[in-house]
Amino acid sequence: MQANATDRRASLLVWGALAIVYVVWGSTYLGIGIAVESLPPMLSGSMRFITAAVLLGGFLLLRKGKSAFRMTGREFTGAAVAGLLLLTLGNGMLAVAEQYISTGLAALLVASVPLWLVVFRFVVRDRPKALTLAGVLVGLGGVAALSLTGGEAAATGGIVIVLLASVSWAIGSFLSSRIAMPANAFATSTVEMLVGGIGLAILGTGLGERLDVGAVSSRSWLALVYLILVGSLIGFTAFSWLLGNAPISLVATYAYVNPAVAVALGAIVLGEVITPQIMIGGLVILVGVALVISTERKRPQRAVEGLDGEGEVGLGVRGGQEPQPPGDHVDPPLEQRRV
């Protein structure tokens, strides 16, 4: 009787954490969309990640002490490079793109990250299964359908930018599973967010972004606070807990649930129009991603490789290290991790 009660409690905890990851990470696209209404996209990302890094790093120091941040120069460099690719370029370009395209469309295009990861594996002669390649072709067909909008130049530019963001996420994920990284997953994320946030500040300032505090709306400030506390910290904590307490095949489902949540929230909160093209193209992408993930997770000795925030995609677990979620945050090849 007691064993049944324990199992039921554990099951409820798993599904509760999974619901948090589904909703929280799916909602980060909406949060970014509202934040950039009156905040500069890259500077807002800088504030988000630097603040989250300070909070996460401070918590880790209190809990584990300085030993949690012991890492070699190569490991620090690896985390720093991942932070620049995932957060500075990946999240930075996503925020810029959301000034021109809907949050739902952005989320569906970002869902293509696992597909690009398989493409990179193929390039380095890591031959995926035939079904994996079929999933990639199906998914990229959906990307093409969403990209060929024939709309205004601004929307087309936004689509190109978010696709470049997806490729940057994929490169960061691909490399982070193959280079030295700190042993502690939370320390890794702290370094990634700190370096990524500094990179966003430098890049945004260099491109002419300026923060006019008086021009920022209350809703944009609230969205930024939400992204820091809920998107980056609560979402990442729930994801990290799931990696140690739930089947990886179950955790991996966030890769195709998050975009659906983002599209629904964009329609409900911002009144974004869901056109037949978006529905069909989005479904094709998600079918391709589902095929890739379901095929890859059957490979022996491999977790679904894989999102900051932000967030951010096998959920790559190597050397006893948890994958680092981006967002909105990503690690190895099949999913995206978010911070």
Please report the interatomic distance [atom1]([X]) to [atom2]([Y]), rounded to the nearest 0.5 Å.
X: Leu164; Y: Leu109; atom1: CG; atom2: CG; value: 11.5 Å
X: Leu30; Y: Tyr226; atom1: CG; atom2: OH; value: 8.0 Å
X: Glu75; Y: Thr77; atom1: CD; atom2: OG1; value: 10.0 Å
X: Leu242; Y: Thr237; atom1: CG; atom2: OG1; value: 11.0 Å
X: Ser44; Y: Ile32; atom1: OG; atom2: CD1; value: 8.0 Å
X: Met93; Y: Met42; atom1: CE; atom2: CE; value: 7.5 Å

Any donor and acceptor pair, going by atom type alone, linking the side chain of [X] with main-chain N or O of [Y] inside 3.5 Å?
X: Ser112; Y: Leu115; answer: no
X: Ser46; Y: Gly197; answer: yes
X: Glu98; Y: Thr103; answer: no
X: Gln277; Y: Ala145; answer: yes
X: Gln99; Y: Val96; answer: yes
X: Thr188; Y: Pro182; answer: yes
X: Ser220; Y: Ile34; answer: yes

Answer yes or no: is there a side-chain heavy-atom contact under 4.5 Å between [X] and [Y]?
X: Leu229; Y: Ile234; value: no
X: Leu270; Y: Ser102; value: no
X: Phe69; Y: Asn184; value: no
X: Leu89; Y: Trp169; value: no
X: Trp241; Y: Leu13; value: yes
X: Glu209; Y: Pro41; value: yes
X: Leu140; Y: Trp116; value: yes
X: Thr28; Y: Leu227; value: yes

Are [X] and [Y] connected in the hydrophobic side-chain network, where two residues link if heavy atoms are under 4.5 Å apart?
X: Leu56; Y: Ile50; answer: no
X: Val284; Y: Val257; answer: no
X: Leu146; Y: Ile161; answer: yes
X: Leu43; Y: Leu203; answer: yes
X: Leu200; Y: Val36; answer: yes

Are Leu94 and Tyr29 close enough, and set up right, to give a side-chain contact (heavy atoms from CB on, under 4.5 Å), and what steps lead you there?
CA-CA 9 Å; Leu94 171 64; Tyr29 296 92; 3.9 Å; yes
If you compare all heavy atoms of [X] against all heavy atoms of [Y], which two are closest, and at what distance to 0.1 Å?
X: Leu87; Y: Glu192; answer: CD1-O, 3.5 Å
X: Val195; Y: Ala80; answer: CG1-O, 3.6 Å
X: Pro259; Y: Leu286; answer: CG-CD2, 3.9 Å
X: Ile274; Y: Met279; answer: CG2-CG, 3.3 Å
X: Ser147; Y: Leu163; answer: OG-CD1, 3.6 Å
X: Ala246; Y: Val14; answer: CB-CG1, 3.8 Å

Run the side-chain contact (heavy atoms from CB on, under 4.5 Å) test on Val113 and Leu117 for me, step by step, so that the C-alpha distance in whole Å, both residues' side-chain angles and the decisive distance to 0.1 Å come before the verdict.
CA-CA 6 Å; Val113 168; Leu117 287 165; 4.0 Å; yes
Using the side-chain contact (heavy atoms from CB on, under 4.5 Å) rule, take Ile159 and Leu105 through it: C-alpha gap first, then chi angles, then the decisive distance, then the call.
CA-CA 8 Å; Ile159 289 172; Leu105 177 56; 4.2 Å; yes
Worked verdict on Ile228 versus Leu55 for side-chain contact (heavy atoms from CB on, under 4.5 Å):
CA-CA 9 Å; Ile228 294 168; Leu55 293 174; 4.2 Å; yes
Is the count of non-hydrogen atoms from other residues, nucleotides or ligands lying under 6.0 Å from Phe76 atom CZ greater than 12?
no
Counting only heavy atoms not in Tyr22 (residues, nucleotides, ligands), do more than 12 fall under 6.0 Å from its OH?
yes
Take the angle between the ring planes of Phe186 and Phe236 and call it parallel below 30°, perpendicular above 60°, tilted in between.
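Plane angle over 60°, so perpendicular.
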